[in-house]
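Below is one structure, written out as structure tokens; comments come after it.
Hydrogens, waters and symmetry mates play no part in the numbers below; they use all other heavy atoms, side chains included. Here is the naming used below: chain letters follow the sequence lines, and residue numbers restart at 1 for every chain.
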There are 2 protein chains.
Amino acid sequence: MTAPRAQIARAEVLCRERGVRLTDQRRRVLEILCAAGRPVGAYEIMDAMREGPRVVAPPTVYRALEFLLEQGLIHKIESLHAFVGCDHPEHPHSSEFLICLECGGVAELKDDAVERSLESVTRESGFRPRRRVVEVMGTCAQCAHKEECARKEEADRSPGPVD
Amino acid sequence: MTAPRAQIARAEVLCRERGVRLTDQRRRVLEILCAAGRPVGAYEIMDAMREGPRVVAPPTVYRALEFLLEQGLIHKIESLHAFVGCDHPEHPHSSEFLICLECGGVAELKDDAVERSLESVTRESGFRPRRRVVEVMGTCAQCAHKEECARKEEADRSPGPVD
DNA sequence: GGACGACATGATATCTTATAACGTGCCGAC
DNA sequence: GTCGGCACGTTATAAGATATCATGTCGTCC
């Protein structure tokens, strides 16, 4: 993951280059997402914004999100109805996400093999792809490790038939 | 796509084999999905069920959907908040979907290359996958063809600089 | 500098999707 | 016959997203 600061700074530069405006509201939403470092729902973002100077309504948040999505500065995780800051917004792309069901963490992948195979299988069927959603739910390495340890401890305390 | 009839029949057999109950409500939901042959939202299903003998409330529909999902008889299309009948429910699986933004149609893929590459990239990072969501939005072959034709006609009527 | 237009935001209402919580009825096992 | 598990009914509400119209802000062109 990238440092939140750096992410905002890059966004500033990109927007200037592209001639689009990273307004206060939009920057605020991006900051919240980057600071969280995990998927955050639109209404949670809204709540976080209430902490700031003024109260905002859903459309405000969704408009900011729409802008950030268009600019490739954030991604939407469809299966969670939530959003995350993009790790490498420099070039437009779709990404693959690994979503941990235990800790709620999300890792953004960029894997050529996956993308190539998806590309080829879609084209084969005459399909013209525009946007890809690739989300794998499961258990991340950290949480898998923790589980492992817990199970081992359990076994040590009461040795016997396992599972 | 498989004939709706056949899909229901297979579901009957599978449920019997597995010792689970394909009740009237559940069969009805499955029928509606299979007959539609396209993604259908939960509330649309509910409306369709109102045509039948009795009125149903959202929880009823969602419970039936949950059961059918567990049994692998249907899939959820996350990016559409909608459900489709599964083309080959015999063996449990995740699938890839091609979603046409023009006609709303959905094709279910089962591509080894995509699955293998996803599998390997997730395992590499120590991630233990449980469920995959792979959805490609774009234009299907049919709609792409139609568009092509329309554009050609346009060009014929008013020949000049294109786009 | 004032009028205009484009874009961004504010505010209210509403729609869509999904689930919580609790009650009732059916049916098989013991 | 009663007990327990499962499916379904019912009501309410949470959570996510958008439509609509009003207001504000800012640069540009005259």
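- Judged as a side chain to side chain contact (heavy atoms under 4.5 Å, CB included), and not counting sequence neighbours, the contacts of A:Lys110 are A:His88, A:His91, A:His93, A:Glu115.
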Intermediate values then yes/no, side chain to side chain contact (heavy atoms under 4.5 Å, CB included), A:Cys86 and A:Ile74: CA-CA 5 Å; A:Cys86 173; A:Ile74 65 172; 5.6 Å; no
Nucleotide N/O to protein N/O under 3.5 Å, stretch nucleotides 21-26 of chain C:
none

Report, one line per pair, each donor and acceptor closer than 3.5 Å where one atom sits in a side chain of residues 65-72 of chain A; sequence neighbours left out.
{"unit_1": "A:Gln71", "atom_1": "OE1", "unit_2": "A:Arg18", "atom_2": "NH1", "d": "3.0"}

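- Mapping B:Ala42 and A:Phe67 onto DNA chain C by nearest heavy atom places A:Phe67 at the nucleotide closer to the 5' end.
- Formation of a donor-acceptor pair under 3.5 Å by the B:Glu108 side chain with backbone atoms of B:Ser95 is not found in this model.
- Of the side-chain N and O atoms in B:Tyr62, one or more sit less than 4.0 angstrom from OP1 or OP2 of C:dA18.
- In this view, B:Arg16 satisfies the salt bridge (charged side-chain N to carboxylate O under 4.0 Å, His left out) rule with no residue, not counting sequence neighbours.
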Would you sort out whether A:Leu80 and A:Ile99 count as a side chain to side chain contact (heavy atoms under 4.5 Å, CB included), showing the intermediate values? CA-CA 9 Å; A:Leu80 298 178; A:Ile99 303 165; 3.8 Å; yes
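- Contact check, B:Lys76 against C:dA18: a side-chain N or O comes under 4.0 Å of OP1 or OP2.
- Remark: B:His81 is not in phosphate contact with C:dT16, judged by side-chain N or O atoms under 4.0 Å from OP1 or OP2.
- Judged as a side chain to side chain contact (heavy atoms under 4.5 Å, CB included), and not counting sequence neighbours, the contacts of B:Arg63 are B:Pro59, B:Thr60.
- An end-to-end axis angle of 10° holds for the helix from C:dG1-D:dC30 to C:dC30-D:dG1, taken from five base pairs per end and rounded to 10°.
- Using a 4.0 Å cut-off on heavy atoms, the residues of residues 12-25 of chain B that approach DNA chain D are B:Arg21, B:Thr23, B:Gln25, listed by number.
- Judged as a ring pair (Phe, Tyr, Trp, His ring centres under 6.0 Å), the pairs with a partner in residues 94-134 of chain A (not counting sequence neighbours) are, in order, A:His75-A:Phe97.
- Counting heavy-atom neighbours within 6.0 Å of B:Arg5 CZ, excluding the residue itself, gives a total of 12 or less.
- Residues passing the side chain to side chain contact (heavy atoms under 4.5 Å, CB included) test with A:Arg21 are A:Thr23, A:Arg26, sequence neighbours excluded.
- Among residues two or more places apart in sequence or in another chain, the side chain to side chain contact (heavy atoms under 4.5 Å, CB included) test is passed with A:Ser120 by A:Glu124.
- Among residue pairs with one or both ends in residues 133-145 of chain A, those qualifying as side-chain hydrogen bond (donor to acceptor under 3.5 Å, both in side chains) are A:Ser79-A:Glu135; sequence neighbours excluded.
- Residue-environment remark: CZ (A:Arg131) exceeds the threshold of 12 foreign heavy atoms within 6.0 Å.
- First and last contacts of DNA chain D with chain A, using any nucleotide atom under 4.0 Å from a protein heavy atom and ordered 5' to 3', fall at D:dG16 to D:dA19.
- In this structure, B:Phe83 atom CZ and C:dT17 atom P are separated by 10 Å, rounded to whole Å.
- Going from atom CG of A:Leu80 over to atom P of C:dT17 covers 19 Å, rounded to whole Å.
- Distance CD (A:Glu78) to P (C:dT16): 19 Å, rounded to an integer number of Å.
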